[in-house]
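Quick notes on the structure that follows.
Numbering of residues begins at 1 and proceeds along the displayed sequence. Note that ligands are numbered from 1 as they come in the structure, with each ligand's atoms numbered from 1 the same way. Just so it is clear, the structure is predicted and the values come from calculations on it, not from any experiment. Computed over heavy atoms, backbone and side chain alike; hydrogens, waters and symmetry mates excluded.
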Amino acid sequence: MSESLFSDASQRLEQALKYATISEDAIERLKYPKASLSVAIPVRMDDGSLRIFQGYRVRYDDTRGPGKGGVRYHPNVSMDEVQSLAFWMTFKCAALNLPFGGAKGGITLNPKLLSKFELERLSRGYIDAIADFIGPDTDILAPDVYTNPMIMGWMMDQYSIIQRKMTPGVVTGKPVAMGGSLGRDTATAMGAFYVIQALLPKFDRLPGKTTVAVQGFGNAGSVIAELLFHAGYKVVAVSDSQGAIYAPKGLDIPSILHFKNMVKGVQAVYCDGTVCNVVEHQVLTNAELLALDVDVLIPAALENQITQDNVADVKARFIFEVANGPIASGADRILEQRGVHVFPDILVNAGGVTVSYFEWVQNRSGLYWTLEEVNRNLQQRMVQETERIWTIAQDLSISLRTAAYVHALNRLGEALDAKGTRDYYMK
Ligand code: NAD
């Protein structure tokens, strides 16, 4: 990658600025992350040796509320990636009108190579290292790639030990038994499903006549594949890090999920099995999945999957970005010119942070919601903001991505200006 992910992400901001109602001061503020922390985390490994892991936490902006964002465990985690993810969180929270700013964290490692006890020590060590930087009123954590409710539970417990009081609001995506919200585990996919159901009918697309390919079969990808399957869409391909499976007549997603869950049960923490082990399908590479001639493509794995190198191969008519940043900005422009409808990450995958917000509200009020209440509120908010973004796009004749940024920028600009000039130490 020649250009940094963060400068690529920032280009989306540049494109939206000319349509947004926002002052020059506010624009300048939004170009830089507010605070970035880099930490070394010592971990005693099971064999007695000491290993130091590199961790990060970035609070991009907290004008509209405490920073909010997940924690990623992945070998490619870097300050550049964490800054980009925190940037996207800022715009996502504003687009959905959540009272949060944007933040993100991560640790550079392959978590599948650690035992469960090593992972717990690492997760607690990360909280020890960033404890002064986070809090239920300053910066709130959540799961992301290769982190899960169990890890969120350890993190919340460690923070509560440090504070000497139960502090559930510092982390969302916790196990329900530790103050987590019902519906948080399926929220990202559920939110994406509501967006898809609100938008595809505008193009006269009916589920039974719509083929779908999903890249990534984790928390977000597997659930969206299942929801679309049950709604009657023909999900013809799914993939994980090891490869893809393809059946032109449609895959039986529940049985693939059952297999994945069985293996996960045996492995305790991570699912070591792969969708490629399920029979009665063609095996493809992830690159081939992205190039399938399908109606809808759903990248739900990692960023930068569609770039200038492979964008010419993409044949899908509609792309719903469940992953954060799966399309590089150069490729985005080419897709737009070709008339491919791209529905942006900061809207499509915002269901996760929306239910994280509901979890935080429940933790602070002490009153817990039913699953029906969670999903009803999620649907209401996702559909409302989708329609607002759709209207902006139609009124200004701009892409849905630019419209989503304009929508977020208008809210961020208003908040930054309302805050006044104290931060600038003007005479
Ligand atoms: P996850 O760890 O549960 O799953 C990731 C999946 O991607 C796994 O199936 C993995 O095998 C697959 N994968 C990894 N590398 C791949 C590759 N090179 N090609 C194809 N597949 C690959 O993670 P998740 O929580 O489902 O997150 C997926 C994406 O969704 C990320 O971009 C994340 O930031 C975004 N997201 C997640 C949430 C959430 O609440 N979990 C919320 C918003 C956005």
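Where the criterion is an N or O separation shorter than 3.5 Å, residue side chain and backbone included, Gly352 fails it with respect to ligand 1. Considering backbone and side-chain atoms alike, Asn286 places an N or O below 3.5 Å from some N or O of ligand 1. At least one N or O atom of Asn324, backbone or side chain, sits closer than 3.5 Å to an N or O atom of ligand 1.
Contact check on Glu414 versus Arg411 returns no salt bridge, with no Lys/Arg side-chain nitrogen under 4.0 Å from an Asp/Glu carboxylate oxygen. Between Glu120 and Arg124 there is a salt bridge, since a side-chain N of the basic residue sits under 4.0 Å from a carboxylate O of the acidic one. Remark: Lys234 does not engage Asp295 in a salt bridge, criterion side-chain N to carboxylate O under 4.0 Å. Between Lys202 and Glu387 there is a salt bridge, with a side-chain nitrogen of the basic residue lying less than 4.0 Å from a carboxylate oxygen of the acidic one. For the pair Glu81 and Arg72, the salt-bridge criterion is met [side-chain N within less than 4.0 Å of a carboxylate O].
Close approach to Asn349 involves these atoms of ligand 1, each under 4.0 Å from a residue heavy atom: 43 (C), 44 (C). The Tyr146 neighbourhood of ligand 1 comprises atoms 2 (O), 10 (C), 11 (O), 14 (C), with distances under 4.0 Å to a heavy atom of that residue. Which parts of ligand 1 touch Val322 is read off a 4.0 Å heavy-atom cut-off, strictly below it: atoms 30 (O), 35 (C), 44 (C). Below 4.0 Å from some heavy atom of Ala220 lie the following atoms of ligand 1, by number and element: 26 (O). Every atom of ligand 1 is numbered from 1 in the order shown, and the set under 4.0 Å from a heavy atom of Leu302 is 15 (N). Remark: ligand 1 atoms within the under-4.0 Å shell around heavy atoms of Asp144 are 33 (C), 34 (O). Taking every heavy atom of Arg184 and a limit of under 4.0 angstrom, the matching atoms of ligand 1 come to 40 (O).
Nearest protein heavy-atom neighbour of atom 38 (C) of ligand 1: Thr188 OG1, 3.4 Å. Residue, atom and distance of the protein heavy atom nearest to atom 25 (O) of ligand 1 are Asn219 CB, 3.7 Å. In this structure, atom 17 (C) of ligand 1 lies nearest to the protein heavy atom Ser241 CA, 4.1 Å. Nearest protein heavy-atom contact of atom 29 (C) of ligand 1 is Ala301 O, 3.1 Å. Of the protein's non-hydrogen atoms, Phe217 N, 3.0 Å is the one closest to atom 9 (O) of ligand 1. Nearest protein neighbour of atom 5 (C) of ligand 1, counting heavy atoms only, is Gly218 CA, 4.2 Å. Looking from atom 27 (O) of ligand 1 to the surrounding protein, the closest heavy atom is Val145 CG2, 3.7 Å. For atom 21 (N) of ligand 1, the closest heavy atom belonging to the protein is Asp240 C, 3.3 Å.
Residue contacts with ligand 1, taken as heavy atom pairs separated by less than 4.0 Å, do not involve Asp345 at all. Only the backbone of Ala300 comes within 4.0 Å of ligand 1, counting heavy atoms alone; no side-chain atom from C-beta on gets that close. With a 4.0 Å cut-off on non-hydrogen atoms, Gln215 touches ligand 1 through its side chain and not its backbone. Contacts between Met89 and ligand 1 below 4.0 angstrom, taking non-hydrogen atoms only, are absent altogether.
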Practice prompt. Assess whether side chain to side chain contact (heavy atoms under 4.5 Å, CB included) is satisfied between Arg64 and Leu412, documenting all intermediate values.
Written response: CA-CA 7 Å; Arg64 301 184 78 256; Leu412 281 160; 3.8 Å; yes
Discussion item. Checking Gln242 against Thr285 for the side chain to side chain contact (heavy atoms under 4.5 Å, CB included) test, could you report, in this order, the C-alpha distance in whole Å, the side-chain angles of both residues, the deciding distance, and whether it holds?
Written reply: CA-CA 8 Å; Gln242 300 179 53; Thr285 63; over 6 Å; no
Practice prompt. Kindly indicate, with the supporting measurements, whether the criterion ring pair (Phe, Tyr, Trp, His ring centres under 6.0 Å) is fulfilled by Phe117 and Trp154.
Written response: CA-CA 11 Å; Phe117 288 124; Trp154 294 333; 8.9 Å; no
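In this pair, Tyr405 and Phe91 present their aromatic rings tilted. The plane angle is within the 30 to 60° band. Taking the six-membered ring where the residue is Trp, His341 and Phe343 present parallel rings, their angle staying beneath 30° rather than reaching 60°.
Between Tyr357 and Trp369, the gap from one ring centroid to the other reaches at least 6.0 Å. A centroid separation of 6.0 Å or more is found between the aromatic rings of Trp88 and Tyr60.
Across Met178 and Asp157, no two heavy atoms sit closer than the pair CE-CB, 4.3 Å.
Residue Asp47 places its CG atom among more than 12 non-hydrogen atoms of other residues, nucleotides or ligands, all under 6.0 Å distant.
Within the 4.0 Å heavy-atom shell around ligand 1 one finds Arg72. Every heavy atom of Glu303 sits 4.0 Å or more from the atoms of ligand 1.
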